[in-house]
Amino acid sequence: FLTLSAADMQWPEIIQCIGRQYGHKFSPDDVAAMPWKDKCDWLSKNPVTAVRQFQYRLEVFFKDFICCAGHPLGEVVDYFIRVEFQARGSPHAHTVLWVKDAPKINQHPDEVVCQFIDKYQTCELTEDSAKFQQHKHTQTCRRSGKCRFNYPRSPSRKTIIARPAVDDNINRDTGQSTDNNVLKKVKECLENKDTPPDINLDDLFIRAGVAEEDYMKELSKTKFGTSIILKREPACLVTNSFNKDVLRVWQANMDLQFITDPYACVMYVTSYMMKSEKAMSELLRKTSKEAASEDIKSQLRKLGSTFLNHREVCAQESTCRIMSIPLKKATRTVQFINTNPKEKRISSLKSTAELQTMEDEDENIFQINLNDRYPARPDELTDMSLAEFASTYTMAYGENAEDHLPQEEDSTTKQERILLQNGLGVMYKRRRPAVIR
């Protein structure tokens, strides 16, 4: 799971570009020397340029770097990107990456999983990580009195996978290990002002008066769920995890996490990436009920009006919505399947040009859809389900059935075609199966 933030205050090209539009030529040094307020003023002058610069940077970053032959994060076979906006108005991208041959927890040995994580993820203190990856406590992260991101983190000599404890040294009421005095001693030692900030692990354990074996044993236990404890020196307790190559190229704050289980991934994607906005959902639900007796066009108009007039957005997000700049991108197409009874399905009318050429008595006024094409599939696909058919094939628009000829055996330039029955046209096999909903 990869999160990429914008550093619009530190990327000189954005302010340089906006400055040129107003007749100012700034050098990178000029931008670096600008006061914070001046940078904010320049960015607010043209949010269109600011957000388009981020969009372009993100697209090029994925096309020419993440998915390049060098495989900085492994061979990425699929990805999903969702862009959202922080309170200060800057965009950041949440992405899920599927890496070829990536090991899975509980299916592969822990050593193999940890080797994979160490290959692409670190929390070392480098020049870039010192600039972009240091966690600083805010009111947001300390809503409940302690940091909800669990900083500072615990040091560890190696990357380990922590799991819920199953021994008798667990307090069933609190979920805490009864042997956590070891962890407490190390924490107190780290918080002691007399402890050197660059202390190494060996000296830390001696100063805390604990055995490393006991410490690692307790560190590998969790209250619930599975988590990754990264290899971390005492000097890097507030360093957010990153990939050296990605950070060097992106030049802004990032977060990189190995997904420990599918359920956690789904919950994170739906609850955080999609930002449900409960208040807005309730308003839309209320509006939908009030307009339930009206026609579909009126319902959509009222829902759209409610959404646009009851939601506060920043200038850059407004720019994206007005200019139809996509806020999400995926390597897979999403195909909708209408599973309502036939009499309750909503169909689209044919174009005005087509309708004008039809006889007045002709009742075939609706466009052909997926539910019409599925029964007309070739005989060799008789055993294929509707879900598989929708995921595997899509319409080849502009190709006439009478022009369809079987492909030659050595043809590699054209995707596999199928000829639908009853003259319903030609479909081709997708290069990647679609996600159905």
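Here, residue 1 is the first one in the sequence, and each next residue gets the next number.
- Looking at K231, R232, Q133, K244 one by one, the single match for side-chain hydrogen bond (donor to acceptor under 3.5 Å, both in side chains) with E124 turns out to be K244.
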Only distances under 3.5 Å count here; give the side-chain donor-acceptor pairs of residues 386-396 to other protein atoms, sequence neighbours excluded, each with its distance to 0.1 Å.
unit_1	atom_1	unit_2	atom_2	d
S391	OG	A434	N	3.3
S391	OG	A434	O	2.8
T392	OG1	E388	O	2.7

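- Applying the side chain to side chain donor-acceptor pair (under 3.5 Å) test to residues at least two apart or on different chains, the pairs with a partner in residues 9-19 are E13-R57.
- Residues satisfying the side-chain contact (heavy atoms from CB on, under 4.5 Å) criterion with Y120, sequence neighbours excluded, are L73, F116, N243.
- By the ring pair (Phe, Tyr, Trp, His ring centres under 6.0 Å) test, F26 pairs with H24, W42, sequence neighbours left out.
- With Y22 as the aromatic partner, R20 does not meet the cation-pi criteria of under 6.0 angstrom to the ring centre and within 45 degrees of the ring axis.
- Evaluation of the side-chain contact (heavy atoms from CB on, under 4.5 Å) rule for N192 yields D194, T195 as partners, not counting sequence neighbours.
- The cationic atom of R377 (NZ for Lys, CZ for Arg) lies less than 6.0 Å from the six-membered ring centre of Y374 and within 45° of the ring axis.
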task = Check step by step if side-chain hydrogen bond (donor to acceptor under 3.5 Å, both in side chains) holds for S44 and D41.
result = CA-CA 5 Å; S44 63; D41 290 341; 4.7 Å; no
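- Shown here are the side-chain hydrogen bond (donor to acceptor under 3.5 Å, both in side chains) partners of N340, two or more places apart in sequence or in another chain: N338.
- Under the side-chain contact (heavy atoms from CB on, under 4.5 Å) criterion, Q367 pairs with S348, K350, not counting sequence neighbours.
- Not counting sequence neighbours, the partners of Q335 by the side-chain hydrogen bond (donor to acceptor under 3.5 Å, both in side chains) test are R430.
- For E212, the side-chain hydrogen bond (donor to acceptor under 3.5 Å, both in side chains) partners two or more places apart in sequence, or in a different chain, are R157.
- A donor atom on one side chain and an acceptor atom on the other are not found under 3.5 Å apart for Q134 and S129.
- Shown here are the side-chain hydrogen bond (donor to acceptor under 3.5 Å, both in side chains) partners of N106, two or more places apart in sequence or in another chain: R163.
- With sequence neighbours left out, F149 forms a ring pair (Phe, Tyr, Trp, His ring centres under 6.0 Å) with H135.
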message = For a side-chain contact (heavy atoms from CB on, under 4.5 Å) check, start with the C-alpha distance between Q251 and F132, then their side-chain angles and the critical distance, and finish with the verdict.
response = CA-CA 8 Å; Q251 285 294 294; F132 299 113; 3.5 Å; yes
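- With sequence neighbours left out, K187 forms a side-chain contact (heavy atoms from CB on, under 4.5 Å) with E191.
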